[in-house]
Structure formats: structure tokens, C-alpha cells
2 protein chains.
Amino acid sequence: MEVRAEYCEEHHVHKDLVDSVKLDMPDEESLYDLAELFKVFGDTTRIRILYVLFESELCVCDIAELLNMSQSAISHQLRVLKQAKLVRSRREGKTVFYFLADDHVRTIIGQGMDHINE
Amino acid sequence: MEVRAEYCEEHHVHKDLVDSVKLDMPDEESLYDLAELFKVFGDTTRIRILYVLFESELCVCDIAELLNMSQSAISHQLRVLKQAKLVRSRREGKTVFYFLADDHVRTIIGQGMDHINE
DNA sequence: ATAACATATGAACAGTTGCTCATATGTTTG
DNA sequence: CAAACATATGAGCAACTGTTCATATGTTAT
């Protein structure tokens, strides 16, 4: 924040600063995975699913009815959430119950809420 | 988590649980805003921009060179970040410097990193 | 085994997104 | 003022996303 100078004349950046920033960047794969994770949170349907799972584990048709959406749509989205390891599931007879995988979900959503509430 | 019963027979959900979940849901607008916020984090380019701004404020062409992308692409994405209030900017002559708007950005990205690192 | 129920999945299609390219706006200098 | 530089922006397009629809899979009860 303190270090700064004439960076952009003739389209040449300030060498030292650029180098130090480059060193502190996570590797490409981590950045990709991170974006993929947030992409999963970046959909209203999936956010709503995660919210209803805050309360209790629920089966697919419960969630579908709660969100007033088709079983198929919910099932597709649950798959996305599961692949991102945000939810897990267990089968009980014909029924499959989904539940939050861990507390990161609550924390991340909570931080997001903090931001939008200024 | 304790309360549960036969929800889905005949496609009828468990009334009490469904009602209590419904009560605790944030309003539609908040959920939409939240998804919109995470959508902004859900892109590699924007994540990388935020990361380079962790170190120091930078001008558009600095960022473009750091990420090896066009000035136009970066400028478009900075607009998205600005609209989401994740970055702010200040002009100094011809140059516009961008910087992180507040510490929520670091916190949210940090929580995301925690999750992907298991 | 057959029917009924709960869930999963593939294809298709409309809507969205992120880039490029061209060009516009804003600022400083000669 | 014109030229040069830094940034912003609109149009266009290829790639991606989320839904629906039809159907498949898995489980239970008869």
C-alpha cells in the first residue's frame, strides 16, 4: 500500500511490486478450484437449498416442495452441491436424505450475508 | 436434525418441519443478492484480480500485465467487481488505481481456501 | 415378478457470461 | 488545439449454465 510509483508509462509496470505480487499468488490450480467453489454458491437455487439444509437434513422431494421446483431440477443441483463437497447424502430405503457436509458452508454464507448487509 | 419422520409418501412433506424451515428463510431479495455476490467470486479472472489487490492497489494496466490479459478484459471485470462493491478506485491523472473495498473480501476468499484445502 | 415410489441422469434448448475488437471518454503534455 | 496515453464501453460471438422432458436406476411392498 505504501510502495507505489510511476507504473504505467509506456505500458511498463513497476518491476519490484509486480514481482512481489507474483510471488504471493497461489498456484493456478488453487485459484481455479476456488473460483469453481464460489461458482457453486453463485446460484439462487443452490443457495436456497443450502439454506433449507441449515435446519435439518431433508429428502429430495421435501426440498423440491419447499422451493416449489421440480424434483429433477433439485436433483441436478444436489449433484453439483455434492461434487463440491458442500452436502452429503445417506439413503434410507427409497428416500435419500441430504445434509450439509460441514460448517464451512454456514461460515461462507454468513460472511456473504455480512457483506451484502454492508 | 433430531426431528424427522415419513415425509415423502404420496409426495407430502412433513408439515411442521417444512413450516419451521420456511420461517427461517431469508427473503427472496437477500437470497438473490447473496447468489449475485458469490457469482462475482465465481470466476478465475476476478479471483486473480482480487488476489493481486491483496498486496497493493494497482492500476488497470498493471493488473492486465500481471494476469497477462487485455486491458479491455480487465476493465470489464473491474467494473463487475466495483458494482459488487468488492473494489473501489481512485483516479490519479490518467491513471485509475483499484483497491479492495474492505476486509470481507479477504475473509470470504480465506474461508473458500479453507474449504478447498479440506 | 410386478407395480409403485423416490431419485438420478442424458439430451436439448434458452438464457447468461466473458472474451475480443473497435471505438469512445477522460487526462496530460506539447 | 492536437497527439498520446489510460481507461471505459458497446456489440458480437463462442462457451457455459440451469431448466424441462423423457427415461433410467434403485428400493420396497404385494
Side-chain angles (χ1 to χ4, degrees), chain A residues 4-14 31-32 35-50 57-84 87-99, chain B residues 4-14 31-32 35-50 57-84 87-99:
Chain A
R4 218 170 5 73
E6 292 71 42
Y7 306 110
C8 283
E9 302 93 326
E10 323 300 320
H11 286 280
H12 284 104
V13 295
H14 181 81
L31 293 173
Y32 177 81
E36 288 303 302
L37 174 67
F38 286 123
K39 213 170 279 184
V40 175
F41 286 99
D43 175 79
T44 312
T45 299
R46 289 189 294 264
I47 286 279
R48 288 165 79 216
I49 292 176
L50 293 173
E57 63 174 3
L58 290 170
C59 71
V60 179
C61 84
D62 282 347
I63 301 171
E65 287 215 30
L66 268 166
L67 306 197
N68 201 32
M69 291 181 65
S70 75
Q71 175 269 319
S72 179
I74 298 300
S75 198
H76 277 296
Q77 296 297 13
L78 283 169
R79 185 150 74 114
V80 175
L81 291 168
K82 198 171 183 180
Q83 281 169 345
V87 305
R88 288 163 57 207
S89 66
R90 67 179 182 85
R91 180 176 276 276
E92 196 172 287
K94 290 177 286 189
T95 309
V96 177
F97 289 98
Y98 282 83
F99 51 93
Chain B
R4 217 172 3 78
E6 293 68 43
Y7 306 110
C8 280
E9 302 92 328
E10 322 301 316
H11 287 279
H12 282 104
V13 294
H14 182 80
L31 292 173
Y32 177 82
E36 288 301 303
L37 174 66
F38 285 123
K39 214 169 279 183
V40 176
F41 284 99
D43 174 80
T44 312
T45 300
R46 289 190 292 265
I47 286 279
R48 289 164 79 214
I49 292 175
L50 293 173
E57 64 174 5
L58 290 169
C59 70
V60 179
C61 84
D62 281 347
I63 301 172
E65 287 216 29
L66 267 166
L67 305 197
N68 200 32
M69 291 181 65
S70 75
Q71 175 269 319
S72 179
I74 298 300
S75 197
H76 278 296
Q77 297 296 15
L78 284 169
R79 186 151 74 117
V80 174
L81 290 168
K82 197 171 183 179
Q83 281 169 344
V87 304
R88 288 165 54 209
S89 66
R90 66 180 183 83
R91 180 175 275 279
E92 196 172 289
K94 290 177 285 187
T95 308
V96 177
F97 289 97
Y98 282 83
F99 51 94

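By convention in this document, chain letters (A, B, ...) are assigned in the order of the sequence lines, proteins followed by strands, and residues within each chain are numbered from 1. All heavy atoms count here, side chains included; hydrogens, waters and symmetry mates do not.
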Atom-to-atom span, [atom1] of [X] to [atom2] of [N] - whole angstrom:
X: A:R90; N: C:dT7; atom1: CZ; atom2: P; result: 12 Å
X: A:M69; N: D:dC21; atom1: CE; atom2: P; result: 13 Å
X: A:L67; N: D:dG18; atom1: CG; atom2: P; result: 15 Å
X: B:F38; N: D:dT17; atom1: CZ; atom2: P; result: 18 Å
X: B:Y32; N: C:dT16; atom1: OH; atom2: C1'; result: 11 Å
X: A:E57; N: C:dT7; atom1: CD; atom2: C1'; result: 16 Å
X: B:I63; N: C:dC19; atom1: CD1; atom2: P; result: 13 Å
X: B:I49; N: C:dG18; atom1: CD1; atom2: P; result: 11 Å

[X] side-chain N/O to [N] phosphate OP1/OP2 under 4.0 Å:
X: A:Q77; N: D:dT19; value: yes
X: A:T95; N: C:dA6; value: no
X: B:S70; N: C:dT20; value: yes
X: A:R91; N: D:dG26; value: no
X: B:Y98; N: D:dA8; value: yes
X: B:R46; N: C:dG18; value: yes

A:R79, nearest nucleotide to its side chain (from C:dT9, C:dT27, C:dC19):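 So the side chain of A:R79 is nearest to C:dT9.
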message: By the definition side-chain hydrogen bond (donor to acceptor under 3.5 Å, both in side chains), identify the one residue from A:R79, A:E57, A:K82 that meets it with A:S89.
response: A:K82
- prompt: Is there a donor and acceptor pair closer than 3.5 Å between the side chain of A:Q71 and the base of C:dA6?
  reply: no
Test item: [X] side-chain N/O and [Y] main-chain N/O as donor-acceptor pair under 3.5 Å:
X: B:R91; Y: B:G93; result: yes
X: B:R48; Y: B:I63; result: no
X: B:R46; Y: A:A35; result: no

task: Check step by step if side chain to side chain contact (heavy atoms under 4.5 Å, CB included) holds for A:Y98 and A:I49.
output: CA-CA 10 Å; A:Y98 282 83; A:I49 292 176; over 6 Å; no
- request: Name the residue closer to the 5' end of DNA chain D, choosing between A:D43 and B:K82 according to the nucleotide with the nearest heavy atom.
  value: B:K82
- prompt: Which sits closer to the 5' end of DNA chain D, A:K39 or A:K94, going by the nucleotide each is nearest to?
  reply: A:K39
query: May B:H76 be described as stacking on the base of C:dC19, applying a 5.5 Å centroid limit and a 30° limit on plane angle?
result: no
query: Just checking B:S72: base, sugar-phosphate only, or nothing, at a heavy-atom cut-off of under 4.0 Å?
result: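 Touches a base.
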